[in-house]
2 protein chains.
Amino acid sequence: MPRNRRPRDREEKRAEIVTAARALFLDEGYEAVSMTRIARAAGVVSNTVYWYFGDKDGILIAVLDEVMADALERSGELQPLEPVERLLWVLTELERMSTLVTTVHARSEESASIREWHERFHALTDALLRLEFAALGVPEDGVDELATIAVYVLEGLLMHPVEPARKRAVLAAVLRGATSTAVS
Amino acid sequence: MPRNRRPRDREEKRAEIVTAARALFLDEGYEAVSMTRIARAAGVVSNTVYWYFGDKDGILIAVLDEVMADALERSGELQPLEPVERLLWVLTELERMSTLVTTVHARSEESASIREWHERFHALTDALLRLEFAALGVPEDGVDELATIAVYVLEGLLMHPVEPARKRAVLAAVLRGATSTAVS
DNA sequence: ACCTGAACACCGTTCAAGT
DNA sequence: ACCTGAACACCGTTCAAGT
């Protein structure tokens, strides 16, 4: 046991726990994965996880942040597509974490920290979608509602089993409703 | 202990458990309420609840059915209103069970019986909304997508804290997008 | 058929103790 | 500062036993 543990070690151990938790959450679901399982997968004992993250919601937030950071990094690919394809890209991206979407909603009812994360996430996606719609020529006084509609539709498509063709059709209908009010 | 218990008794005891569970679920949430609490509130011991309902999801389904039946009964008030008000009425009605909406999504991932209930619920609301939009003159080939959008928006408004005025504005925007494609 | 006491395996979390 | 062994109170669920 080295006396002067480098700060680097702490980051590494933390990252290992997050990586383990992320994989387990994504393919078994938050509720189904116990602290003991996460700890075992990361090669520590469950109390250690508490030392790093405080509680189970703390790990969830760390996992959510990591997943979001990865998605933002990939958003470079996004530029040259046209509107429907852009929304489909976002949807596909979110589907990587679709199990976590339901979990965030469920935990938001009880955990203040998850609720805060959830609100920040919605503020971000709302702002991005408002920019999209403004660029499409939607008049300014209708942009807010349309962005909200788009967010809820994306969430709905995420949380319910829907065939790919239908996803495209529903998103196209959202855009049609939006652009029909545009001055162009 | 009467030897020939009337079948009536069974219904009554069952109803008492459902009533107790319903009240507890609605103001504390499904996860937060234990089988022991439900049983105590209904004046029995927890095993008895298993005898009547099989498992915790069984009680949830019974509660959902009761809540839905009450809502359908109240839907008589619904007739004379105009479109936005009708959607707002549905939203207000669903808000009585807003905590349960998140629960149904969460449990659907693990429980086949809850998933089945969830699908039936969506089929029903989808059919009702298709009728609404058809009556508004939306052309038949766009009705499906608009009904889906409306369902997801209602769900979104349910699951996120939104001010009343904004709810009306968002629902009005959905209808505007719909009727702009109408032949009328 | 209906209801219970007692137990089972597990959960998230805490805390005193070690290095 | 970092990590653990052992315990705590609780959970959904089961089962043999009673009437």
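Chain letters run A, B, ... following the sequence lines, proteins first, then strands; residues in each count from 1.
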Tabulate protein N/O versus nucleotide N/O from nucleotides 6-9 of chain C, keeping only pairs under 3.5 Å, one per line.
{"from": "C:dA6", "atom 1": "N6", "to": "B:N47", "atom 2": "OD1", "distance (Å)": "3.3"}
{"from": "C:dA6", "atom 1": "N6", "to": "B:N47", "atom 2": "ND2", "distance (Å)": "3.4"}

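B:R22 and B:D70 are joined by a salt bridge, as a carboxylate oxygen and a charged side-chain nitrogen come within less than 4.0 angstrom of each other. With respect to A:E16 and A:K13, a salt bridge is recorded, a charged nitrogen being found less than 4.0 Å from a carboxylate O. Note on A:E95 versus A:K167: salt bridge recorded, some NZ/NE/NH1/NH2 to OD/OE distance being below 4.0 Å.
If you take CH2 of B:W51 and P of C:dC2, they are 4 Å apart, rounded to a whole angstrom. Note: CD (B:E31) to P (D:dC10) measures 18 Å, nearest angstrom. In this structure, B:E12 atom CD and C:dC2 atom P are separated by 13 Å, rounded to whole Å. The separation between A:E11 atom CD and D:dA1 atom P is 16 Å, rounded to whole Å. Between the CZ atom of B:F53 and the C1' atom of D:dG12 there is a distance of 16 Å, given to the nearest Å. Look at CZ on B:R14: it is 17 Å from P on C:dA1, rounded to the nearest Å.
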Where each pair must be Watson-Crick or G-U wobble with both distances under 3.5 Å, what dot-bracket representation of DNA chain C is obtained, with crossing pairs in [ ] and other-strand partners as |? ||.|||||...|||||.||
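Look at B:Y50 and you won't find any side-chain N or O under 4.0 angstrom from OP1 or OP2 of C:dC3.
Shown here are the side chain to side chain donor-acceptor pair (under 3.5 Å) partners of B:E85, two or more places apart in sequence or in another chain: B:R168. Checked against ring-ring contact (aromatic ring centres under 6.0 Å, His included), B:F133 has no partners two or more places apart in sequence or in another chain. In this structure, the side-chain contact (heavy atoms from CB on, under 4.5 Å) partners of B:A71, at least two apart in sequence or on a different chain, are B:R74, B:E93. Applying the side chain to side chain donor-acceptor pair (under 3.5 Å) rule to B:W89 yields the partners B:E77; only residues at least two apart in sequence or on another chain are considered. By the side chain to side chain donor-acceptor pair (under 3.5 Å) test, B:K56 is found to be paired with no residue, residues two or more places apart in sequence or in another chain being considered. By the side chain to side chain donor-acceptor pair (under 3.5 Å) test, B:T102 pairs with A:E109, sequence neighbours left out. The side-chain contact (heavy atoms from CB on, under 4.5 Å) check on B:E110 picks up A:E31, B:R107, with sequence neighbours excluded. Scored by the side-chain contact (heavy atoms from CB on, under 4.5 Å) test, A:A169 finds B:E145 as partners (sequence neighbours excluded).
In this structure, the side chains of B:L64 and B:L60 come closer than 4.5 Å at one or more pairs of heavy atoms.
The side chain of B:Y52 has C:dC2 as its nearest neighbour among D:dC3, C:dT4, C:dC2.
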Pair B:R166, A:T148 - check side chain to side chain donor-acceptor pair (under 3.5 Å), show working. CA-CA 10 Å; B:R166 187 147 176 73; A:T148 302; 2.4 Å; yes
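No more than 12 heavy atoms of other residues, nucleotides or ligands sit less than 6.0 Å from atom CD of B:E116.
Residues of residues 54-66 of chain B having a heavy atom closer than 4.0 Å to DNA chain D, listed by number: B:D55, B:K56. Listed by residue number, B:V44, B:V45 are the residues of residues 34-45 of chain B with a heavy-atom contact under 4.0 Å to DNA chain C.
In this structure, B:V33 reaches the sugar-phosphate backbone alone: every heavy-atom distance under 4.0 Å involves primed, P, OP1 or OP2 atoms, never a base.
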